[in-house]
Amino acid sequence: MATHLALTDVNLRFGGVTVLTDVTFEAEPGKILGLVGPNGAGKTSLFNCISGHYRPTSGSIRFDDDEIAGSPPSQLNRRGLARTFQHPALQLNHTVLENVMLGGHTRLPGGPLAWSLRIPPTGRRERETRDEALALLEEQGLGWAANSRADELSHGLHKSVELCRARMSRPSLLLLDEPAAGLSQGEVDQLIRTVRRLAAENDMTIIVVEHNMTLIAELTDRVIVLDHGSKLMEGTAAEAQADPRVIEAYLGTEAADDAA
Ligand SMILES: Nc1ncnc2c1ncn2[C@@H]1O[C@H](COP(=O)(O)OP(=O)(O)O)[C@@H](O)[C@H]1O
Ligand SMILES: [Mg+2]
């Protein structure tokens, strides 16, 4: 079952720095929601609050009927949440296949400790995990890379490997942080097909942070725009792109970047 996610008045502060202010929105089950906004708007921090990497200063985050604000990432992962990171951290001297298999560790008897100690693979569940990881890589057009070392792949492809790893825990809620950054046009098209299928066939609720507005327009029927930690507007991708407040928010950061 896809997850219903509801955030109400989420605030995040670090000392005197306000990162998020009264962020309220819902992600509907089985839908793909876009989260956009200029650099520094707070998108990754918001993901960190949802995934348990940050504890919101105040506010509510409901995962179906449960309040999850402040729950640790490992618990949320078992509960059905998986994510990818803006800057993926793969085990660089391990193979792509081994990296993807790590995502299934919650379902393996040995657990992450046995994995990190490289205890040799044994048993039927182990083989099932391997087969499943390979199938996911092939489905995402990465079967050719299964036995390459992770550091032989481009940074863009690391994100696709990370997506396979996230899928191994069979999530009902998936958070993707800039999955298309560094990908070629062909790889972006493949990503769009994969993410669409995940929502439609695997019944996942997906939130995607992305600057590539073609991807956002093709994947989502609703987007949330964040600026300076607050929700600026909510609507379709086309409405967001035409909204003067959104245009100004993006121009504002470009002007700031130019001045820097
Ligand atoms: N752990 C932290 N301590 C202090 N400031 C932080 C921390 N994490 C994020 N921030 C600040 O929050 C703001 C939003 O950052 P971020 O969430 O990465 O934005 P985005 O992903 O939209 O580019 C930035 O000003 C950043 O410096
Ligand atoms: Mg970010």
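Both ligands and their constituent atoms are indexed starting at 1 by order of listing. Since the model is a prediction, treat every value here as computed from it, not as a measurement.
- The protein atom (non-hydrogen) at minimum distance from atom 16 (P) of ligand 1 is Ser45 OG, 3.7 Å.
- Ranking the protein heavy atoms by distance from atom 4 (C) of ligand 1 puts Phe14 CD1, 3.5 Å first.
- The Mg ion (ligand 2) does not have Asn39 among its coordinating residues (no N/O/S atom, backbone or side chain, under 2.8 Å).
- Inter-residue side-chain proximity for His4 and Thr205 is flagged as unmet; no heavy-atom pair is nearer than 4.5 Å.
- Only the side chain of Val19 comes within 4.0 Å of ligand 1, counting heavy atoms alone; its backbone N, CA, C and O stay farther away.
- Using a 4.0 Å cut-off between a side-chain N of Lys or Arg and a carboxylate O of Asp or Glu, Asp66 and Arg79 qualify as a salt bridge.
- Taking 4.0 Å as the cut-off between side-chain N and carboxylate O, Glu132 and Arg170 count as a salt-bridged pair.
- Ligand 1 lies nowhere less than 4.0 angstrom from a heavy atom belonging to Phe47.
- Side-chain atoms of Asp151 and Asn93 form no donor-acceptor pair, as typed in the model, at a separation below 3.5 Å.
- Residue Gly40 places at least one N or O, backbone or side chain, under 3.5 Å from an N or O of ligand 1.
- For Gly42, the closest heavy-atom approach to ligand 1 falls below 4.0 Å.
- Using a 4.0 Å threshold on non-hydrogen atoms, atom 27 (O) of ligand 1 does not count as touching the protein.
- Put simply, atom 9 (C) of ligand 1 has protein non-hydrogen atoms near it, under 4.0 Å away.
- Atoms of ligand 1 lying under 4.0 Å from any heavy atom of Ala41, numbered from 1 in the order shown and given with element: 19 (O), 20 (P), 22 (O).
- Scanning the protein for heavy atoms near atom 1 (N) of ligand 1, the closest one is Tyr54 OH, 3.1 Å.
- Between the NZ atom in Lys231 and the CD1 atom in Ile224 there is a gap of 4.5 Å [rounded to 0.5 Å].
- At least one heavy atom of Asn39 sits under 4.0 Å from some atom of ligand 1.
- Side-chain N/O atoms of Thr8 and Ser60 include no donor and acceptor closer than 3.5 Å.
- Not a single N/O/S atom of Ser45, whether from backbone or side chain, sits less than 2.8 Å from the Mg ion (ligand 2).
- Scanning all protein heavy atoms for the shortest distance to atom 18 (O) of ligand 1 gives Thr44 CB, 3.8 Å.
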For His158 and Phe85, run ring-ring contact (aromatic ring centres under 6.0 Å, His included): C-alpha distance rounded to whole Å, both residues' side-chain angles, the deciding distance at 0.1 Å, then the answer.
CA-CA 10 Å; His158 281 195; Phe85 290 85; over 10 Å; no

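- The aromatic rings of His155 and His87 lie tilted to each other, with the angle between the two planes from 30° to 60°.
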Kindly list each side-chain donor-acceptor pair under 3.5 angstrom involving residues 186-194, sequence neighbours excluded, with atom names and distances?
residue	atom	partner	partner atom	Å
Glu187	OE1	Ser184	N	2.9
Glu187	OE1	Ser184	OG	3.3
Asp189	OD1	Gln185	NE2	3.1
Gln190	NE2	Glu139	O	3.3
Thr194	OG1	Gln190	O	3.0

